[in-house]
Amino acid sequence: MGGAGETSRNNVAPVSRHRMPCIRIVEVLPTRGDLFHAAAGEFVRAGRGAIAQHDRFTVALSGGSTPRGLYSLLAKDHADFSWSKTFLFFSDERHVPPDHPDSNYRMVNQAMLSKVPVPAGNMYRVLAENPDASAAAADYEEKLRGFFKLRPGEFPRFDLILLGLGPDGHTASLFPDSEGLKEQSRLVIANWVEKFKTHRITFTFPVLNHATDVMFLTAGADKADMLKQVLEGTNTPPFPAQQIDPTGRLVWMLDEAAAAKLSS
Ligand code: 6PG
């Protein structure tokens, strides 16, 4: 696991205090299937741009159920993509072994990794089988620091981070009222999620917000209420998904069911 591609410091972001807000794009697609096609197009577009610019594409994948359709489509229609120059990480992981039904790695491996020619050395999974969630988080942070050749205080700049939206407004595993929301120096933490009585290993806001592009995939009527609050509401405190502000583009890929309550 890992090792390849650890050469350039192209994707290193100095701590930036003052910068332009990101470009926010909201795309509403008729169906979930259309959403996955549009998301695959965005993935390939971002990948080609990154590879043209710095000869590699660094991506953090999201878990949950929604992105499985994207991963399956990438495996089916984009097997010829530049997987040898693509480096895959996870924006969060459940504190379970890789063969556990709740494992994000397991889902992505079944849907895509086992089907596309991505070199094993380009795949960085969280060692979530470690019974000590904090140690698993620290290990993953070291992997990020090594891969991106970070100096103290620096953050990685992923070319693309995929995220989802939870019905409570969480994203990655940054849940409302959780300690992890306050973290401003570490890259990866073991965040205690009271309602699930477990830790989740997750990227922190600084990593998510130092990315070039972030793409949310949100589908289904059960997300419509929260989506309206996140995209149109001014909540105090803001929902975790409202605190995502990457350096480049923030793309919301939605299906009509999820977007049904948005003001036109
Ligand atoms: C996870 C995810 C989480 C997910 C949302 C949406 O590990 O569960 O990273 O943030 O994206 O909970 O999940 P669904 O796509 O299953 O609705």
Side-chain angles (χ1 to χ4, degrees), residues 1-2 11-17 58-64 67 87-98 100 102-108 123-158 160-166 168-212 214 216 230 237-247 250:
M1 286 288 167
N11 297 96
V12 171
V15 181
S16 52
R17 297 269 175 272
T58 55
V59 187
L61 304 171
S62 66
F87 298 87
L88 300 170
F89 293 77
F90 285 80
S91 10
D92 74 327
E93 183 57 282
R94 288 83 179 277
H95 191 207
V96 293
H100 188 283
D102 293 348
S103 164
N104 286 337
Y105 170 77
R106 181 173 180 267
M107 180 271 286
V108 178
M123 252 301 317
Y124 292 77
R125 85 174 169 83
V126 178
L127 302 184
E129 62 268 33
N130 185 333
D132 179 344
S134 299
D139 167 76
Y140 205 53
E141 172 152 344
E142 276 322 297
K143 285 201 175 99
L144 261 70
R145 289 192 176 284
F147 178 86
F148 287 97
K149 293 199 165 327
L150 301 178
R151 297 182 189 122
E154 287 181 337
F155 293 98
R157 175 156 293 150
F158 278 91
L160 178 64
I161 294 184
L162 302 181
L163 292 176
L165 174 67
D168 59 359
H170 80 261
T171 193
S173 281
L174 297 170
F175 284 77
D177 308 318
S178 66
E179 275 303 299
L181 301 178
K182 304 177 197 135
E183 183 58 49
Q184 286 302 316
S185 55
R186 284 181 291 165
L187 311 183
V188 186
I189 53 170
N191 195 25
W192 178 254
V193 184
E194 183 57 30
K195 66 177 176 181
F196 299 143
K197 297 272 183 259
T198 184
H199 285 99
R200 290 272 193 96
I201 293 117
T202 183
F203 283 178
T204 57
F205 279 130
V207 173
L208 300 175
N209 289 335
H210 274 86
T212 300
V214 167
F216 277 91
V230 166
F239 291 104
Q242 284 181 301
Q243 300 177 51
I244 303 302
D245 178 22
T247 63
L250 174 60

Looking only at heavy atoms, what is the nearest atom pair of [X] and [Y], with distance?
X      : Y      : result
Pro67  : Met107 : CG-CE, 4.3 Å
Asp92  : Arg200 : OD2-NH1, 3.9 Å
Glu129 : Val126 : OE1-O, 4.2 Å
Asp168 : Phe239 : O-CD2, 3.5 Å
Arg186 : Glu141 : CB-OE1, 3.6 Å
Leu208 : Leu174 : CD1-CD1, 3.8 Å

Is the backbone N or O of [Y] less than 3.5 Å from a side-chain atom of [X], with the two atoms forming a donor-acceptor pair by type?
X      : Y      : result
Arg157 : His210 : yes
Asn130 : Ala135 : no
Glu179 : Trp192 : no
Arg94  : Asp102 : yes
Glu93  : His95  : no
Asp245 : Asn209 : no

Measure the spacing between [atom1] of [X] and [atom2] of [Y] and express it to the nearest 0.5 Å.
X      : Y      : atom1 : atom2 : result
Ser103 : Phe90  : OG    : CZ    : 7.0 Å
Lys182 : Thr204 : NZ    : OG1   : 14.5 Å
Gln184 : Leu181 : CD    : CG    : 10.0 Å
Lys149 : Glu154 : NZ    : CD    : 12.0 Å
Phe148 : Leu187 : CZ    : CG    : 9.5 Å
Thr171 : Phe205 : OG1   : CZ    : 8.0 Å

- Item | Matching residue for Ile201 among Leu127, Asp139, Asn104, Val188 - test: side-chain contact (heavy atoms from CB on, under 4.5 Å) |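 By the side-chain contact (heavy atoms from CB on, under 4.5 Å) criterion, Ile201 pairs with just one of Leu127, Asp139, Asn104, Val188: Val188.
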
- Sort out for me which residue in Ile161, Leu61, Leu144, Val207 forms a side-chain contact (heavy atoms from CB on, under 4.5 Å) with Phe89.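 With Phe89 as partner, Ile161, Leu61, Leu144, Val207 yield a single side-chain contact (heavy atoms from CB on, under 4.5 Å), made by Leu144.
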
- Message: Within the supplied structure, the quantity of interest is the number of heavy atoms (other residues, nucleotides, ligands) at a distance under 6.0 Å from Asp132 CG; does it exceed 12?
- Response: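 It does: Asp132 CG has more than 12 such atoms within range.
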
- Are any non-hydrogen side-chain atoms of Ile189 and Thr202 less than 4.5 angstrom apart?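 Side-chain contact under 4.5 Å: yes.
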
